[in-house]
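Each ligand, and each atom within it, is numbered from 1 in the order the structure gives. In what follows, every heavy atom counts, from backbone to side chain, and hydrogens, waters and symmetry copies are set aside.
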Amino acid sequence: MAKAKKESDSAVLDAACAPEWTEILKQMIFIRRFEEATEREFRKGKIGGYLHVYIGQEAVASGIVGALQKGDAVFCGYRDHAQALSLGSDPNRVMAELFGKGTGVSKGKGGSMHLFDVEHGLYGGYGIVGGHLTLAAGAAYAKRYQGSDSVVVCYFGDGAMNIGSFHEAMNMAGLWGHQGMCPIVFVIENNGYAMGTSVERHSALTDLAARVRAYDIAGEKVDGQDIFAVRGVADRVVRQVRETGKPYCIEAVTYRFSGHGAADILQPYRTKEEVEQHRHRDPINILRKRLGEVCGLTDDDVKAMDEWAIERAANAVKFAEESSQPAPDELFADVVAEHGPRPVSEDERE
Ligand SMILES: Cc1ncc(C[n+]2csc(CCOP(=O)(O)OP(=O)(O)O)c2C)c(N)n1
């Protein structure tokens with residue numbers, strides 16, 4: 001397996017003491033506290049259906065999002081709370097969605113796996129493994145076709161690479177990329193497992209970025225626990241994809257500290273020691289330590305951030321609890337598009 005590139009682009013490190021990075025740390029701590037709160041609420045029976053948290057993987061979403069600009073679009077799988085929060089979705093409305101309430105970002109009809117917030121660039125939240133890859137590639141093509149310079153980011157897990165739509169999406173993206181018509185960054189969130197099946201057991205080739213190269217899409221690995229490395233790669237790659245309209249793939253090597261979903265308590269497919277080993281590379285501690293060493297961030301500073309995060313997550317739970325169920329007449333709203341296909345002009349017909 002090719003080694004993850006330890007890329008801390010010097011420009012990123014030079015700017016490490018910019019206030020932006022303390023904000024990013026605060027955001028990552030908040031995502032962690034938010035996810036812990038969702039796990040607690042799930043166990044109390046307040047959140048129904050499925051729940052997949054992002055604990056341990058925070059540096060990936062938080063590192064990529066910093067490279068995006070307004071108008072860019074993000075597609076992801078069902079492990080989507082952090083994607084929404086890092087894009088700036090209102091945490092109260094994200095939590096309300098998990099509770100199935102009408103104030104939720106998908107009006108309570110999507111739940112944990114189907115968060116949508118187009119205003120903030122989130123085009124879903126999809127529960128079907130790999131199903132969103134073709135949608136994301138099509139959206140990237142559409143953006144370029146409409147003359148926009150926006151970029152699409154599509155996150156997916158290592159397990160999604162064994163699904164047919166992965167291959168369809170990569171092939172079309174590779175082909176459209178030849179014409180500079182597919183500005184998409186595919187981000188493999190390689191957390192080592194697809195449910196209880198390790199990458200070594202589910203993928204004949206474990207160098208996942210190399211599998212994407214088979215479709216003439218360039219790619220590279222990055223240490224997904226080091227946000228400076230992720231951001232360094234993301235800044236460069238997003239700029240390049242925006243300029244060229246050619247797809248690119250980033251394999252972020254990361255690890256999930258919680259079970260696959262909230263119901264995965266025993267985790268018989270891995271040992272406690274393995275999880276402990278990975279906890280030494282907690283992405284929040286890596287950033288916190290770096291800001292302490294380089295910029296003088298103190299334990300008190302971090303404590304204050306943590307208290308703020310805990311309170312904000314608790315407020316989100318309170319908001320969700322106090323919100324109403326969706327109104328019955330909402331049942332059929334937003335289910336089928338109201339407008340038909342775009343009429344094709346005479347010129348286009350020729
Ligand atoms: C088409 C399809 N097949 C099977 C499932 C059941 N399933 C849910 S999550 C999952 C594993 C996916 O793993 P990965 O893509 O690595 O993402 P991760 O959960 O690690 O983030 C499977 C097989 C599904 N949701 N959709």
Sub-4.0 Å atoms of ligand 1 with respect to non-hydrogen atoms of H260: 9 (S), 19 (O)

Distance-only N or O hit between ligand 1 and G127, under 3.5 Å: yes

Shortest protein heavy-atom distance from atom 19 (O) of ligand 1, along with the residue and atom involved: Y78 OH, 2.6 Å

Ligand 1 to I128 polar contact by distance, N or O atoms, under 3.5 Å: no

Atom indices of ligand 1, in the order listed, that fall short of 4.0 Å to a heavy atom of N191: 18 (P), 20 (O), 21 (O)

Closest protein heavy atom (residue, atom, distance) for atom 4 (C) of ligand 1: V129 CG2, 4.4 Å

Candidates Y155, F116, F156 - the one meeting ring pair (Phe, Tyr, Trp, His ring centres under 6.0 Å) with Y126: F116

Ionic contact status for R290 with D226, cut-off 4.0 Å: yes

Taking atom 14 (P) of ligand 1 as the reference point, the nearest protein heavy atom with its distance: G159 N, 3.5 Å

Residue from D158, N190, V222, V212 passing side chain to side chain contact (heavy atoms under 4.5 Å, CB included) with E251: N190

Atoms of ligand 1, numbered as shown, that sit under 4.0 Å from any heavy atom of R79: 18 (P), 19 (O), 21 (O)

Salt-bridge contact E321-K46 (side-chain N to carboxylate O under 4.0 Å): yes

Residues R33, E36: salt bridge by 4.0 Å N-O rule: yes

Protein residue, atom and distance nearest to atom 23 (C) of ligand 1, heavy-atom basis: M195 SD, 3.7 Å

Which residue and heavy atom of the protein sit nearest atom 15 (O) of ligand 1, plus the separation: A160 N, 3.1 Å

N162 versus R211, side-chain donor and acceptor atoms under 3.5 Å: yes

R32 and D306 ion-paired at < 4.0 Å: no

